[in-house]
Structure formats: C-alpha cells, structure tokens
Number of protein chains: 2
Amino acid sequence: MTYMTHLECARCGRTYDADQIMNLCACCGPLLVRYDLKAAAAAVRPADLAGRVSSLWRYREVLPVRSDEHVVTLGEGMTPLLSVRRLGESLGLPNLMLKDEGVNPTGTFKARGSAVGMSRARELGIRKVAMPTNGNAGGAWSAYGARAGIEVTLVMPVDAPAMSVLEAVAVGARAYMVRGQITDAGAIVARSAKAHGWFEAATLKEPYRIEGKKTMGYEIAEQLGWRLPDAILYPTGGGVGIIGIYKAIREMMAMGWLPEGARMPRLVAVQAAGCAPIVKAFHEGREASERWEGAETVAQGIRVPKALGDFLVLEAVRATGGTCVAVPDEDTLWGLQQISRTEGLFICPEGASLVGAARRLREQGWLQPEDRVVLLNTGAGIKYPDILRPELPVLEKDATI
Amino acid sequence: MTYMTHLECARCGRTYDADQIMNLCACCGPLLVRYDLKAAAAAVRPADLAGRVSSLWRYREVLPVRSDEHVVTLGEGMTPLLSVRRLGESLGLPNLMLKDEGVNPTGTFKARGSAVGMSRARELGIRKVAMPTNGNAGGAWSAYGARAGIEVTLVMPVDAPAMSVLEAVAVGARAYMVRGQITDAGAIVARSAKAHGWFEAATLKEPYRIEGKKTMGYEIAEQLGWRLPDAILYPTGGGVGIIGIYKAIREMMAMGWLPEGARMPRLVAVQAAGCAPIVKAFHEGREASERWEGAETVAQGIRVPKALGDFLVLEAVRATGGTCVAVPDEDTLWGLQQISRTEGLFICPEGASLVGAARRLREQGWLQPEDRVVLLNTGAGIKYPDILRPELPVLEKDATI
C-alpha cells in the first residue's frame, strides 16, 4: 500500500488533495507528492525489501498508487549498477560506477516515469493522455498507455529520433509531427487538449512522473548496501531525474533508511555545451534559467531550452554541494567511444556526455581519486543508430581472413 | 562458488575435465556442463536467493565460473515475467505470460550466453574469440568481449540486421561481411581461426553459452514462486534456449528446488514456416533434422537451416510431452501487432511468432483455457526497425488537432 498523503506545490507550498486530477498549482509551479514517511518507516525497513519484485514497484509504500490493480508495469527499474573500473582508472576515478537505464522497457529511464504516471492516470480514471515529446518519453508513454488501455496522442518535432517514432506507432499511439520545436509541439497539445478530452502529461505538468524517476535514487542506495556514493552525475534536460533522486534521498533520510549522519552525494547536472541554460544559471548564481536560443547537440534527449523544473534542479545541485557542467559534443562522442570500447557499454549520447564531464571534473580536482562516483546513463545507444556509420570489409564465400 | 564437476558429451556421454579449453567432443557432439547437484542442494536453498543480485549470477552455484573475479557482467538476466492477460483473453488463454528478454544488455537473450561464455573464456585464459553470426549473438558477444578485454572477430552474412552490426562495431569488434549464408561465415571462421589464434565460439561449439541460457528456466521457476507453468513456447533457431531451459528444470528437480511431484512444463519449439527443419523432423518422428533449403522468414533470428543441437531440442520437446509448430510470417506480423497494441510490448518478430503459435495451439485444443503458458520473447522490437515504416501527419506550428 501507499503512504501518499497529499500534493504540494514545489514553488509556493500550497497543498492539494492527491485524489483529484491535477496538472500544475494555481501559481503554475509543479506539484510534488508527499507521504506520511513516519508511518512508511514504521511499516517497512530496508531489509524487508530483499525478497520483493525486481522492479521499481519494490518501493511500493513511497509510490503514489493506492491500489495494486491499477499498477501498469512492464518490469521497469532495478537496472544494474555496474562497476566501470577500467574506464574509471583511465580517468583517474577507479571507483567509477554506471547505472544503466538502457536496460529498461523501451530502452530508457523514461519507462519509470511513464509506468508510475500511467498507473496513477488509470487510478484517477483518465482515459486519454497527450504530450509533446522529443522522442524517448513518447515511446515510453505510448507503450505504457497501450498496456493500461489509455489512448496516447503525441506531437513531436519533425526531427525527433526515428526509433522513438517507431516505438510509439508500433504500440498504436496517435502521433503527429510538427515543423517546429518541442515548444511548438507543446502549444499544439495545449490548444487541442480540451476539445479531445486529453489529460496533458508533459514533463512536470503532472505530479507523478517524478515519483517514477525518483526510484533511481532508492535503487542506488539499495544497490550500494544502503550507503550513498560521493557524487552522482546526471544528464540534464528537463531535470526530472535529478530532482527525483534528490527527493528520494531526502525521503530515505527522513525514514531512517540511511546510516546516521549519512552525507548527501554531490549532485552534478550535466548539459550539452550547445544547450546549457541550467549550467549558465548556476554559474551566474541565478535561481532559474533563461531560455537557451539556438539549442543544438548530438545528445537530443537533453536539448531542452527551458525546463519547467530548472529552479528545482538548481536547488538540488546547490543543496548538495554539487555543480553544473557543460560538455561539448566532441567530448560526448569521445566519451561514447571510450565507454563502448573499454566496458562494452554502447550507451546513449546523453549518458556519454557524463564521461566527458567526469574527466573534466577530475582534471579540475573537483572529483578526487577516491570518490565513489555514479554516472546515471539514461538510455541505450541503440536508440540512436545514426550516431555511427560502420563500414565493414565484404568477403567472398571462399575467403580466408 | 560453483559446483561444476566436468563436461559431458550430449551425444556419446564421454566426459572431459572442465578446466581445459574445449570445443566439441571427439564424436563432434556438443558438450554439456555437469555439476555436483547434491552438494549444490546442500549449500543453497531457493529461499537463500531472495536477497541476491538481480541478475542471472544469483544462481552462482550452478554456473560454470570458478572465481568471482572472472565474472563478466553487464547486469544480464532477471528479466520480467509479465502477465499478458488482455492478449491472453483474446486468444482464449487468460493465464498467458511473457518473459521479456528484450530487457537485457544489448536487447536480447543473447546477453545471457555471452556473459557466461565470456566469463568462462576469460577464466580459461582465452584472449581472442571468433564466431559466425546472423546478428544478435554478434552484438552481445562483442559487448561482453569488450567488457572482458577479449578481442572479438565476427563474420556475418551481408544481410545481417544493421542494428547488430552497429552494436558490434560500436564496442570495437572486428567485423566482416560475407556474400553468403551463416554457413559460409562459419566456414571462413573455421578456416581462419588457427592462423589468428581464435577460439571458436559458435553456437554449441563451446560448452558454456548454454549455461547462461539455462538461467531463463531458473528464473521462470523462481518468479512463479518455485512452481512451473504448464507450457513454455520458445522461438527456435539454434535451440540453445529450449535445451537450456530443459536442463535447468532437470537440475532444479535433482536439487529438490521444485515441489514434490512437480510436472515438467510442455516445451514447444516454434519455428518460422519458411525455415522449419525441427518442426519437420518432429512430425516425421526423426531424431535429428535435415538442412532446410531456401530458408526465408521475417524472423531472422530463427533462420537456422540446420542446428547443431537439433537432436537435443527434439529430445526436450518429446520428453516433456511438448510439440513443434511452424508459424507463417503473416501470423507472426499479426502477433506482433496484437501484442504491441494490446500490451504495449513492442517485441522482436521471433517472439511475436509465439503469439501466432499460441493461437493455433489453443484453436487445436492442444492448449486448454486454464493452462499457464509462458511465451519466451527473445528480444526487443527496436532491434528490427525495418519491420514497420510509420508515416505520420505533419502539422504546421500554428495547427490545432
């Protein structure tokens, strides 16, 4: 069962009944789910989790779904936390780890948000969902929508990655392209929603996606034996993952699931040099970002010119003593080659940008050799097949190599 | 630790020391790994597994790697076993389940065989591995090779799926195409191996890949609370998975991990109508298959004209009261659409062929409405992007839907 109590605005603190259909707060701030953590802590201890299902639903008490019958799952979560020591040693960080979200249904961490978001949508009686998307979220929400029996409509920029379009269409989503950016897609959804009875499920416009994403934080702690790493590097577009991980760690601390006096890991928001509004705001000491003009990067999943939750990302980074790093595409492609060839991990460019960021932070002395550092890889490389163009030698049948 | 004792020829029964580098038996039969199951049963009970790592390495005692330091892992295994009740009800099989191997590193069940095969190769001091491949195995072995620091050389038919080529090249494998079939590729590897010092790791030509695959059987039992389903449908190319599942169930029975008097699930080997040598041999009452000429199917992963382990597949099917089914491509594509749209599972065509097979077996009365049936989906649909060609409406920025 869940210990959810209510929704709370992350901006103004206003609270709402959780059992009504909600998008944003009246002040336009995003809503966060709150729980009775004292009661949850009394009901379940970390040791109780050992025999539970190998998915994010093992953290059932701190997830926002009231009845098990509404849970929509494809087995998402409990992704591996791998030691990547050979890569780490080459960077001067022998205790480097990678959490591989590519091993999720639909191949990215977006499965977490859509599993929990769709479960709660079903529980609240929502029948139709619509969203603008640059790619992976669309593929994931479409899959979970099909599984839930909820109709999904997507609007995507014409340059959205072909693989996500394919996934969405395969599972029967209604999908449209727009000659424009993600913001244009969002405007079309907003204009059209009422006439069709769509619930708008764009990033942070509904309160439950983040609850799925936060389970990455719970898993990292559990997989490290209920200890925390020294730093977590996260590729930041909308930033829901880093906000979620921060929320998870605070929840675990409140429940006493972590050792007395445990230190917060330093959270690092990594962006592409070609689209780095949060990095800019961080270094300028601002509390929110400004829209980034002319956004362009090979890491399409973090090409978000203005994130609704930017102020929460900045808060999480600052509160944990973290930092923000902008990685040029050439360092991302270098990182992709390094991790692929050294560790056999063909990851997505968003994840690969973290390798470049880790190298930089080590060189600057911001990361120390003994630090236990987690790279949060958000997806599988195979979802971006255009990033490499292999040309192989062709042999005749009677050849010998 | 492992309770491995020796290798045994599946054809003639001759035994070999496990701690030497081996390919086939002197009689050309494939070698199987044997364990001291009595000692393993005394050392570990099913309940002991609950808190273990969420990967196939949780079954450490019955895996053939002596030292943990040689384990090469990307977090493979413990894939979800999902209820697909809505699809099942449409087929008259409400207790239908799907084990989703698409949620593995490199997106297919091939990760299991290569993880265990590469671990053991490393342990035995092998430095270079080569194999012919039609696709997914090549991608997987390349990834685990990179992780292990073992050089991998692949030879693939020119029509091998682009995604597997991409994966292999991304992680630094040496790859060649051949204007010919998988058999031609195999001949090139065999001719070239000695000069380069390659260990040949083709299907069943080395004893350890099957040990990785068998863990699918252990997981199905564990995920069902140490009970067995009534039937398991498996898309059969080389057949290593079905041989492995059968081996696993026999091992679990020998260790007393299953309830007293537990009945073997009926194992069903599913092939494509365009390449069905084992189905033909089954219905003709033969003990082995004949090479299938002109093999052609949309399910490329099961386009295997003559499998080295065909006799073991037939033995597993017959010993469990199972059967063999050939599925036309149109039923496979129908199955793909059904499961994608009903359950949000965009799976590979090999897996989709099982939906067609399940429908047929239910219509024939071979499966009963109350049967608990597991479809073993071997991979993610995204690895075959050419199977669908979505065309979407394109909107202008100021559009309303």
Side-chain angles (χ1 to χ4, degrees), chain A residues 50-51 54-55 73-75 78-80 82 86 100 103-105 107 142-147 149 153 155 158 162-163 165-167 169-172 175-180 184 188 191-192 196 340-346 380-383 385 388 390 392-397 399-401, chain B residues 50-51 54-55 73-75 78-80 82 86 100 103-105 107 142-147 149 153 155 158 162-163 165-167 169-172 175-180 184 188 191-192 196 340-346 380-383 385 388 390 392-397 399-401:
Chain A
S54 180
S55 80
T73 181
L74 293 167
M78 275 311 267
T79 55
L82 303 169
R86 284 208 297 153
D100 188 12
V103 190
N104 259 318
S142 298
Y144 286 90
R147 180 93 164 142
T153 303
V155 185
V158 283
M163 298 300 266
V165 177
L166 176 72
E167 281 182 326
V169 172
V171 298
Y176 300 85
M177 311 292 268
V178 55
R179 276 188 253 278
D184 301 307
I188 291 175
R191 269 200 302 278
S192 312
H196 298 279
S340 298
R341 300 194 168 200
T342 315
E343 301 289 353
L345 285 159
F346 178 37
I382 198 174
K383 298 206 74 178
L388 294 175
L392 301 187
V394 178
L395 310 175
E396 300 303 325
K397 287 185 189 180
T400 301
I401 298 166
Chain B
S54 180
S55 80
T73 181
L74 294 167
M78 276 311 267
T79 56
L82 303 168
R86 283 207 298 153
D100 188 12
V103 190
N104 259 317
S142 298
Y144 287 89
R147 180 95 164 142
T153 303
V155 184
V158 283
M163 298 301 266
V165 176
L166 177 72
E167 282 181 325
V169 172
V171 297
Y176 300 85
M177 311 292 268
V178 55
R179 276 188 253 277
D184 302 306
I188 291 175
R191 268 200 302 278
S192 313
H196 298 278
S340 298
R341 299 193 170 203
T342 316
E343 301 289 352
L345 285 158
F346 178 38
I382 198 174
K383 297 206 73 178
L388 294 174
L392 301 187
V394 179
L395 309 175
E396 299 304 325
K397 287 185 190 182
T400 300
I401 298 168

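In what follows, chains are A, B, ... by sequence order, proteins preceding strands, each numbered from 1.
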Study note, to complete from the structure: Residues at least two apart in sequence or cross-chain that pass side-chain hydrogen bond (donor to acceptor under 3.5 Å, both in side chains) with Thr153(A), listed by chain then number, are none
Exercise for review: Select, from Arg86(A), Lys383(A), Met78(A), the one with the greatest count of heavy-atom pairs under 4.5 Å involving chain B.
Suggested key: Arg86(A)
Revision key, fill the gap. So CD of Glu343(B) and OH of Tyr144(A): to nearest 0.5 Å the spacing works out to 12.5 Å
Study note, to complete from the structure: Residue set satisfying side-chain hydrogen bond (donor to acceptor under 3.5 Å, both in side chains) with Ser54(B), at least two apart, ordered chain then number -> Ser54(A)
Check your understanding: Relative to chain A, which segment of Thr400(B) carries a heavy atom at a distance below 4.5 Å: side chain, backbone, both, or neither?
Key -> both
Exercise for review: Name the option with the most non-hydrogen atom pairs under 4.5 Å to chain B; the candidates are Ser192(A), Pro385(A), Gly149(A).
Suggested key: Ser192(A)
Exercise for review: Could you tell me which of Ala50(A), Pro393(A), Ala162(A) has the largest number of non-hydrogen atom pairs under 4.5 Å with chain B?
Suggested key: Pro393(A)
Exercise for review: Give the minimum heavy-atom separation between Glu167(B) and Ile382(A), together with the two atoms involved.
Suggested key: OE2-CD1, 3.9 Å
Exercise for review: Could you give me the CA-CA distance, side-chain angles and deciding distance for Leu74(B) and Leu345(A), then say whether side chain to side chain contact (heavy atoms under 4.5 Å, CB included) is met?
Suggested key: CA-CA 8 Å; Leu74(B) 294 167; Leu345(A) 285 159; 3.7 Å; yes
Exercise for review: Name the member of Gly107(A), Gly344(A), Ser142(A) that forms the most heavy-atom pairs with chain B at distances under 4.5 Å.
Suggested key: Gly344(A)
Check your understanding: If every non-hydrogen atom of Ser340(A) is compared with every non-hydrogen atom of Ala170(B), which pair is closest and at what distance?
Key -> CB-O, 3.2 Å
Check your understanding: Where on Ala175(B) is there a heavy atom nearer than 4.5 Å to chain A: the side chain, the backbone, both, or neither?
Key -> both
Revision key, fill the gap. CD1 (Ile188(A)) and CD1 (Ile401(B)) are apart, to the nearest 0.5 Å, by 6.0 Å
Point to revise | Non-hydrogen atoms of Leu82(B) and Gly75(A) that approach each other most closely | key: CD2-N, 3.9 Å
Practice item. Check each atom of Tyr176(B) against the heavy atoms of chain A and say whether the ones under 4.5 Å are side chain, backbone, both or neither. Key: both
Revision key, fill the gap. Distance col, row Arg147(A):CZ vs Thr342(B):OG1, nearest 0.5 angstrom, shows 10.5 Å
Review point. If every non-hydrogen atom of Pro390(A) is compared with every non-hydrogen atom of Leu166(B), which pair is closest and at what distance?
Key: CD-CD1, 4.0 Å
**Study point:** Contacting moiety of Val394(B), where chain A heavy atoms sit under 4.5 Å
**Key:** both
Review point. Is there side-chain contact between Asp100(B) and Pro105(A), with at least one heavy-atom pair below 4.5 Å?
Key: no
Review point. Side chain of Arg179(B), backbone of Leu395(A): donor and acceptor closer than 3.5 Å?
Key: no
Practice item. Quick one: pull up CD in Glu396(B) and CG in Asp184(A) and give me the separation to the nearest 0.5 Å. Key: 10.5 Å
**Study point:** Side chain proximity check, Val171(A) to Arg341(B), heavy atoms < 4.5 angstrom
**Key:** no
Check your understanding: To the nearest 0.5 Å, what is the distance between CE (Met177(A)) and CG (Leu392(B))?
Key -> 5.5 Å
